[in-house]
Amino acid sequence: MPRKPFVPGAAVVVAAALAAGLTGCTGSSSPDGDAADAKSGGAATSSPAAEPGRYQTLPEACGLPSRGVIRRMLPGDGQPLSGTEAQKVYDGQADITYDTDRRVGCRWTRETTAGTRHLGLDIQRVVSYDSAVSDDDKAQAIYGKKELAAQIPSGGGSPSPAAPSPSASASKGKEKGEGVVTNDATDKTATDKSTTGKNSAGAKGKAPSGSPSQKSDPSADPSTDPSADPSGSTAPRVLDDLGDAAFLNDKLVTADSGVHRDVTVVFRTSNVIVKITYDQWSTDKTMLPDSQELQDKARSLATELSDSLSE
């Protein structure tokens, strides 16, 4: 069979067609001819990211308060502590957290013959993952929720008119067999009077055992008790001189197991939120923990922490 003659022009036409096809395929991946340039152009038109917070890490919580402040907040009963006991009380117990750059905490406890005091410290660093919201704004939103949950009254810390009266709360708690929780330090007067009536009826006119001080004696004149100040100076309130935002809460709880007062101070500085919890327990219901003392010590610690974080 005779062989077909070779035609050079046909080969050139086929090669040209193949080259055109390959060029068309590669060019179709990007209508503008450059995908990277199109992406960078879109990024250039987006809004700038919000500012990060001042704090990028957190200090060690147990070592942040000074030893002198811890000693004043956890007083003894005249009995000296051994070296091991003092170390256990004043060094504190660190909270277990998954990321110490985001959250740290510490707890201190001291038991005495007069009762038990607990001190807690919780420090949270807030990070916003929304480029349109700064770390500070995110921290303020979280702080605002805490203040709202604590039901801190507005207008200089005056008690809310919607709150139930102390006598109604006491009656309700007595019916249920529960303790009475008051969210206002000024309710101490009513609680004292209620305790006096209970002791008088139960003891048939006999005075309670022991000799409590006049400040804590339910039969004492309420005007001599700073916790019963009608001006509300010890009532739950917003604190204007601490950090970027702060509030103080004070609750008196009476229960069958004893009475305790819980003071909480929460403040925000930039993107860090600090919470201090400080309480005193007493098994003698005639000895109510002093609101003014606990608040002063909690605020002193808060001021020290705020100054330390600002350095």
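Looking at L301, V266, L121 one by one, the single match for side-chain contact (heavy atoms from CB on, under 4.5 Å) with V274 turns out to be L121. A side-chain contact (heavy atoms from CB on, under 4.5 Å) with L119 is found for one member of T277, I276, V69, T109 and no other, namely I276. For the pairing with R103, the side chain to side chain donor-acceptor pair (under 3.5 Å) check across D95, D122, T97 returns one residue only, D122. Residue R117 forms a side-chain contact (heavy atoms from CB on, under 4.5 Å) with just one option from M73, H260, Q280, and that option is Q280.
Note on L64: it does not cluster hydrophobically with V126, by side-chain heavy-atom contacts below 4.5 Å among ILVMFWY residues. Hydrophobic clustering (ILVMFWY, side-chain heavy atoms < 4.5 Å, transitive): L294 and L252 are in distinct clusters. Two different hydrophobic clusters hold I70 and W281 under the rule that ILVMFWY side chains link at heavy-atom gaps under 4.5 Å. One hydrophobic cluster holds both L239 and V263 under the rule that ILVMFWY side chains link at heavy-atom gaps under 4.5 Å.
With a 4.5 Å cut-off on side-chain heavy atoms, Q295 and D290 do not count as touching. Residues V253 and D262 form a side-chain contact, since some pair of their non-hydrogen atoms from C-beta on lies under 4.5 Å apart. Annotation: side chain of L148 is not in contact with side chain of K146 (no heavy-atom distance under 4.5 Å). Within the 4.5 Å cutoff, no side-chain heavy atoms of L58 are placed close to those of R102.
Under 3.5 Å, the side chains of D279 and H118 contain a donor-acceptor pair of N or O atoms. Side-chain polar atoms of D136 and S134 form no donor-acceptor pair below 3.5 angstrom. Using modelled atom types, one finds a donor on one side chain and an acceptor on the other under 3.5 Å when comparing Y90 with R110.
From L81, atom CG reaches atom CD of Q79 across 9.5 Å, with rounding to the nearest 0.5 Å. Atoms CG and CZ, on D250 and R261 in that order, are 4.5 Å from each other to the nearest 0.5 Å. Atom CD of Q140 sits about 13.5 Å away from atom CG of D135, to the nearest 0.5 Å.
Of the possible donor and acceptor atoms, one in the side chain of S128 sits under 3.5 Å from a partner among the backbone N and O of D130. At least one donor-acceptor pair closer than 3.5 Å links the side chain of T303 to the backbone N or O of R299. A donor-acceptor pair is defined here as one N or O able to donate and one able to accept, closer than 3.5 Å; such a pair exists between the side chain of E85 and the backbone of S82. Although no hydrogens or angles enter the test, the distance criterion places a donor-acceptor pair under 3.5 Å between the side chain of S310 and the main chain of S306. E304 contributes a side-chain N or O that, together with a main-chain N or O of S66, makes up a donor-acceptor pair within less than 3.5 Å. In this structure a side-chain-to-backbone donor-acceptor pair under 3.5 Å is missing from N271 to R125. In this structure, the side chain of D77 does not engage the main chain of T112 through any donor-acceptor pair within 3.5 Å. Formation of a donor-acceptor pair under 3.5 Å by the R237 side chain with backbone atoms of A235 is found in this model.
When all heavy atoms of L309 and P59 are compared, the pair lying nearest together is CD2-CG, 4.1 Å. Among all heavy-atom pairs drawn from Y55 and V272, the shortest one is CD1-CG2, 3.4 Å. Here the shortest heavy-atom pairing between A298 and V265 reads CB-CG2, 4.0 Å. Closest heavy-atom contact between P65 and W108: CG-CH2, 3.9 Å. Counting all heavy atoms, side chain and backbone alike, G92 lies closest to C62 at C-SG, 4.2 Å. Considering all non-hydrogen atoms of both residues, A246 and F267 come closest at CB-CB, 3.5 Å.
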### side-chain hydrogen bond (donor to acceptor under 3.5 Å, both in side chains) evaluation trace for T286 with D284
CA-CA 5 Å; T286 66; D284 185 355; 2.7 Å; yes
### Query
Does the pair E293 and S291 meet the rule for a side-chain contact (heavy atoms from CB on, under 4.5 Å), with working shown?
CA-CA 6 Å; E293 179 210 352; S291 178; over 6 Å; no
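Take F247 and apply the ring pair (Phe, Tyr, Trp, His ring centres under 6.0 Å) test, not counting sequence neighbours, and it matches Y143.
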